[in-house]
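All of these numbers come straight from a predicted model, not from anything done at the bench. Numbers here simply count residues along the sequence, with the first being 1.
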Amino acid sequence: MSGRTRDWLKFGSLVGIAFAFGLVFASALDLPRSGDASESGAGLVQAPAQRPPIPAAKPAADLGEAFTAVADHVKPAVVFIRAERREPAASMRLPPGFEDFFRAPRRPQMQEGNGSGFIVSADGYILTNNHVVQGAEKLTVRLYDKREFAARVVGTDPNTDVAVIKIDARNLPLAALGNSEQTRIGEWVLAIGNPLGEAFSFTVTAGIVSAKGRKLDGLRGDNTYTIHDFIQTDAAINPGNSGGPLVNVRGEVIGVNSAIASETGFYAGYGFAIPINLAHEVMQQLIATGHVRRAMLGIGIEDATQLDAEAVGLREIKGVVVKSFSRDDSPAQRAGIRLGDVIVAVDGKPVESVPQLQQTIGFKKPGESVEVTVVRGSGERRPITVRLIEAPAADESSVASRGPGRRDSAERGEMEEALGVAVEPLSREEARNERLTVVAEAGGGMVVTDVAGDGPAYRRLGLPEDGPDVILSVNKKPVRTRAEFREALKTVKSGEVVTLHVYNPRFPGERVVRLRAK
């Protein structure tokens, strides 16, 4: 055998030995067998369900599970509401340039809007907003399971924007009602409803309670008797969400979604919901009688400011100030409450804000008596018993809007720098105006004819087209002439609080305005 042949035999033997050792080593490691791609992948890549959880992420995962559970639980109780209204022919508008081609009378047409609501009883009572159903000639309710029912209006309350409707059905899923008074700022909440039409029905958005007790001036026909106490949330709310529930992480409804703060009409960061405690009280009355009886003190109020606190000697800025009396037979005025008084308690319970006082009194019954604690003068606290009367219905509480108009620029008088206003005595023409008779009979007053843009009265006293403000007294001193007005201001020092009693024909009575002298 040649040397070359022996070398090849040695090399072959070594390769065979190496292959045998390789098989033994591979079997010891239990490597995957070839020929099955899916089986091989299963051994090298973990299945998603087998991934170990990240400990720090567990709270977020738990919150996500809570949101899912709440949404699954509450959505079956949420409804889609379709409201059909008849648009008057006079309100219809044609594109510019087409008027001459369509002179024939146009018949009224039906307009369709939509909103949300949620079921509060197994036999078909549904809570929603007044503005969702107001003026509707036909209401259709679609449930989460896609069944549709005709609905009827049980009752509405424009002053709280709450309405109750009813469908003929049985064994319906319910939304559990919570306690809005126990809701805290910073709590997680879900808004559930039907934003932007049917294409986005039963949408769920999440956020937190970002504020409570919000007052939204000018909301849907606001008037003297409107109750403001909105829960503010950054959960996305859009048109169509109105009437849907705002729900906490326990699955309890804490509010009825009602409004948004937006210049465009779409979600811009904040939405507002009616507290469920208020909505529940209204709902019970609507179901029982079809209307709401609400008690009142007969006063116009605002949250007390630093000026109010200084004027009455309060060390803390709290309570609500009596700005006006709402009618001639105001029970508060008859009982001895005065303009400028700061209400700090009702029946011994502290009063912090306008919404709190509105609900405290609104939940009472007409005819009941309450003890109202007011502060006036040098911090003097005085309990006054007031017998409540019934607030007028929404359609009775509107105020007439026309009165004497503005004077021209030649009649605006000299600017009084201390308050930043120009005033003139009530003219003969104004005194003959039936809306200013009460002022004329009392001896007159000083008509505000101009307001300095950089003065203390800016945005506090005004010149509306439907009647200017008339100053009746300055620090309780009647002012009927320019000389009396200047004399009343003569002792006022810069920085001091000045209390004005003001009359305006738009409002049913006097109101108090406090300014800091310049």
Where at least one partner belongs to residues 166-179, residue pairs that pass side-chain hydrogen bond (donor to acceptor under 3.5 Å, both in side chains), sequence neighbours excluded: Asn179-Asn277

All pairs passing side-chain hydrogen bond (donor to acceptor under 3.5 Å, both in side chains) where residues 61-73 contributes a residue, at least two apart: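 Applying side-chain hydrogen bond (donor to acceptor under 3.5 Å, both in side chains) to every pair that reaches into residues 61-73, excluding sequence neighbours, yields Lys58-Asp62.
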
With sequence neighbours left out, which residue pairs that include part of [range] fulfil the salt bridge (Lys or Arg N to Asp or Glu O under 4.0 Å) condition?
range: residues 241-251; answer: Arg250-Glu252
range: residues 299-308; answer: Asp308-Arg514
range: residues 355-365; answer: Asp347-Lys364

Taking C-beta and beyond as the side chain, do [X] and [Y] meet within less than 4.5 Å on heavy atoms?
X: Phe272; Y: Ile231; value: no
X: Val321; Y: Ile301; value: no
X: Leu174; Y: Ile119; value: yes

Phe202: partners by ring-ring contact (aromatic ring centres under 6.0 Å, His included), with sequence neighbours left out: Tyr144

Sole residue of Leu190, Val189, Thr183, Val256 in side chain to side chain contact (heavy atoms under 4.5 Å, CB included) with Leu246: Val189

Donor + acceptor pair across side chains of Asn241, Asn257 (<3.5 Å):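 On atom types as modelled, these side chains do not qualify, holding no pair under 3.5 Å.
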
Residue pair Ser210 / Gln232, side-chain donor-acceptor N/O under 3.5 Å: yes

Sequence-distant partners of Lys323, salt bridge (charged side-chain N to carboxylate O under 4.0 Å, His left out), two or more places apart: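 With sequence neighbours excluded, Lys323 shows a salt bridge (charged side-chain N to carboxylate O under 4.0 Å, His left out) to no residue whatsoever.
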
Axial cation check for Phe80 ring with Arg142, 6.0 Å and 45° limits: yes

Not counting sequence neighbours, which residues clear side-chain hydrogen bond (donor to acceptor under 3.5 Å, both in side chains) with [X]? List them please.
X: Gln356; result: none
X: Thr160; result: Asp157
X: Arg147; result: Asp145

Salt bridge Arg82-Glu198, side-chain N to carboxylate O under 4.0 Å: yes

Cationic N near anionic O, under 4.0 Å, Arg293 to Glu390: yes

ring-ring contact (aromatic ring centres under 6.0 Å, His included) contacts touching residues 159-187 (sequence neighbours left out):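 Matches after skipping sequence neighbours: none remain.
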
Residue pairs fulfilling ring-ring contact (aromatic ring centres under 6.0 Å, His included) with at least one residue in residues 172-191, sequence neighbours excluded: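 Listed once each, the pairs are Phe67-Trp188.
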
Approximate separation, where rounding is to 0.5 Å, of Ser116 OG and Ile192 CD1: 10.0 Å

Gap between atom CD1 of Ile276 and atom CG of Leu127 - 0.5 Å precision: 5.5 Å

